[in-house]
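So the structure is just underneath, and the comments pick up after that.
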Amino acid sequence: MSLSTAIRDVADVKVVDLSGRITLGEASGQLRSTVKELLDSGATKMLLNLGDVSYIDSSGLGELVSAYTTARGRSCTVKLLNVQSKVQDLLQITKLYTVFEAHTDEATAVTSF
Amino acid sequence: MSLSTAIRDVADVKVVDLSGRITLGEASGQLRSTVKELLDSGATKMLLNLGDVSYIDSSGLGELVSAYTTARGRSCTVKLLNVQSKVQDLLQITKLYTVFEAHTDEATAVTSF
Amino acid sequence: MTDARKLRLSLESTLDSVEAAELIVQRMAELNGFDPDQVHQIGMGVRETMANAVIHGNGLSPDKSVRFDASIDEQAFRVRVADEGSGFDPDSVADPLDKGGLLLPSGRGLLMMRAFFDEVEIGSSVDSGTRVRLVKYRTKGAGGTTQEEDQ
Amino acid sequence: MTDARKLRLSLESTLDSVEAAELIVQRMAELNGFDPDQVHQIGMGVRETMANAVIHGNGLSPDKSVRFDASIDEQAFRVRVADEGSGFDPDSVADPLDKGGLLLPSGRGLLMMRAFFDEVEIGSSVDSGTRVRLVKYRTKGAGGTTQEEDQ
Ligand SMILES: Nc1ncnc2c1ncn2[C@@H]1O[C@H](COP(=O)(O)OP(=O)(O)O)[C@@H](O)[C@H]1O
Ligand SMILES: Nc1ncnc2c1ncn2[C@@H]1O[C@H](COP(=O)(O)OP(=O)(O)O)[C@@H](O)[C@H]1O
């Protein structure tokens with residue numbers, strides 16, 4: 001699997017540590033099912049840690065957007081942590097930086113919800 | 001074309017400066033026709049300068065051997081100049097270092113015939 | 001400049017072909033003196049183009065293939081991708097930067113191709129599928145001018 | 001380890017497919033922490049294997065394809081190449097290191113595959129063509145043992 005996910009509880013925030021690539025195929029499905037699982041368990045604050053995600057394609061960006069909109073529909077807020085520079089470039093190009101609140105410090109991110 | 005050749009006369013030696021890759025396909029044909037041309041024009045001393053040849057595959061090695069045997073059949077001696085390390089490795093693996101006299105200095109190579 | 005400057009392939013309509021095309025152009029770009037950022041951009045743009053060809057164009061059909069051409073010269077990296085789909089009208093694709101498009105889960109591929117390549121030309125017809133031509137100049141904004149690279 | 005760890009392709013019987021396979025494995029190896037010498041060796045070994053498959057196996061026929069698999073794990077780089085030719089007997093191939101073989105213009109491909117990969121296994125039959133399995137361990141001589149790489 002090119003993407004692995006791990007979930008941590010920090011205060012009342014679900015921190016999802018993602019590692020690998022979020023791309024076409026398996027990786028996108030992996031992210032989707034993790035988010036769905038968290039929403040089903042009632043999460044209302046989700047922090048996606050992209051610190052170990054070096055590569056995202058348009059399909060992966062689509063999954064991030066889906067996570068955001070699906071979560072919003074269920075009263076859950078999704079924010080991003082530690083966006084790497086190449087991924088940051090993509091957020092700029094696609095203007096998705098206007099959608100996602102992104103943080104570089106986990107503690108600050110957790111208290112920002 | 002992935003291989004280019006240029007011919008220089010140094011004393012009575014034909015120095016062939018090869019540049020690029022000697023591999024399957026066009027490149028092998030390019031070497032063959034250059035050697036044939038020189039033999040047809042009566043060359044008896046040929047120095048193949050591999051200083052700018054970074055890559056040779058088994059097909060390219062075969063062409064070097066063909067050049068050697070064809071030339072020998074027409075009383076022409078073929079020697080090598082400036083063999084790069086990766087190509088040198090191949091000459092070791094294939095024991096072709098026992099066939100080809102190789103030099104690292106052009107002046108010495110030219111007077112060695 | 002060293003090697004691997006021209007390649008013409010027929011690839012199956014699979015996600016692995018998308019990966020393969022990306023790896024190929026990345027390595028070609030790298031061996032021919034493009035810098036790491038350019039290598040990344042060329043790879044991403046090709047990835048998006050190939051993904052569209054195998055998914056939207058050929059519908060991942062085992063009976064359809066993608067014609068893939070890549071070539072490098074002193075000026076630029078050039079790629080052509082042709083599928084056997086039934087085409088589409090690039091002008092009627094929703095703008096993913098619009099308010100309405102921003103939160104859609106798809107529709108960012110063309111945008112990324114255009115962001116990462118200097119020229120993107122799409123020819124498409126119902127009968128002959130879609131052909132995409134991509135050009136990335138070694139020096140940004142060098143379009144059309146002749147220039148020598150020091151290697 | 002980053003990505004590009006598994007790939008399964010069907011390639012045409014062309015010299016460009018040989019080049020493509022080489023570029024793919026080089027880039028895969030590079031992205032997954034193999035050193036430059038290993039990248040070179042993996043590329044050359046695959047090149048020779050693919051050349052045999054498209055030329056000797058499939059006779060460059062447009063009707064025949066080569067099945068190409070590459071995968072990387074903690075231990076090794078693994079490649080499988082299968083053609084649709086009529087096979088051959090590896091044991092009856094003349095030894096290119098013998099006095100008689102040394103000056104022949106061909107016959108060094110198998111030797112190079114064996115020099116550059118740690119394991120080379122050839123299965124061949126008249127009916128089902130030739131399947132070559134190549135393994136290159138991250139650490140020379142690591143065959144079979146489990147070990148972790150620091151990345
Ligand atoms: N090769 C193609 N063949 C058919 N339709 C295509 C092709 N490429 C793109 N399209 C159409 O254009 C739309 C936008 O493509 P793109 O911007 O890459 O986003 P996405 O692939 O995420 O939908 C696609 O949804 C599809 O309808
Ligand atoms: N995939 C294959 N299918 C059929 N014959 C093969 C195949 N691979 C190798 N051979 C046979 O083995 C011989 C030796 O191969 P090799 O050592 O690679 O040298 P070369 O390709 O230069 O002849 C070839 O000449 C060919 O007869």
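Note on naming: letters A, B, ... go to the chains in the order of the sequence lines (proteins, then strands), and numbering restarts at 1 for each one.
- Per-residue counts of heavy-atom pairs under 4.5 Å with chain B were compared for D/Glu19, D/Arg114, D/Met112; the largest is that of D/Met112.
- Closest approach of D/Leu102 to B/Val65, counting heavy atoms only: O-CG1, 4.3 Å.
- Atom OG of residue B/Ser58 and atom CG of residue D/Asn52 lie 7.0 Å apart, to the nearest 0.5 angstrom.
- The CG atom of D/Asp95 sits 8.0 Å away from the NZ atom of B/Lys95 when rounded to the nearest 0.5 Å.
- With a threshold of 4.5 angstrom between heavy atoms, B/Thr69 approaches chain D through side-chain atoms but not through N, CA, C or O.
- One distance of note links CE of D/Met44 with OG1 of B/Thr23; it measures 9.0 Å at 0.5 Å rounding.
- Heavy-atom distances place the backbone of D/Leu104, and not its side chain, under 4.5 Å from chain B.
- The shortest non-hydrogen separation linking D/Glu48 to B/Asp57 is OE2-CB, 3.4 Å.
- Between D/Arg108 and B/Gly62, the closest heavy-atom pair is NH1-CA, 4.1 Å.
- Heavy atoms of B/Thr98 lying under 4.5 Å from chain D belong exclusively to its side chain.
- Residue-environment remark: NZ (D/Lys6) stays at or below the threshold of 12 foreign heavy atoms within 6.0 Å.
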field: Evaluation steps, side chain to side chain contact (heavy atoms under 4.5 Å, CB included), between B/Leu24 and D/Arg47
entry: CA-CA 10 Å; B/Leu24 208 58; D/Arg47 179 184 187 82; 4.1 Å; yes
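- For a residue to count as touching a neighbouring chain, one of its non-hydrogen atoms must lie under 4.5 Å from one of that chain's; by this rule D/Leu103 touches chain B with backbone and side chain alike.
- The environment of D/Arg131 atom CZ is dense: over 12 non-hydrogen atoms of other residues, nucleotides or ligands sit within 6.0 angstrom.
- Of the two parts of B/Leu90, only the side chain, counted from C-beta on, holds a non-hydrogen atom closer than 4.5 Å to a non-hydrogen atom of chain D.
- Closest approach of B/Gly25 to D/Leu15, counting heavy atoms only: CA-CD1, 3.8 Å.
- In this structure, the portion of D/Glu22 lying under 4.5 Å from any heavy atom of chain B is its side chain and not its backbone.
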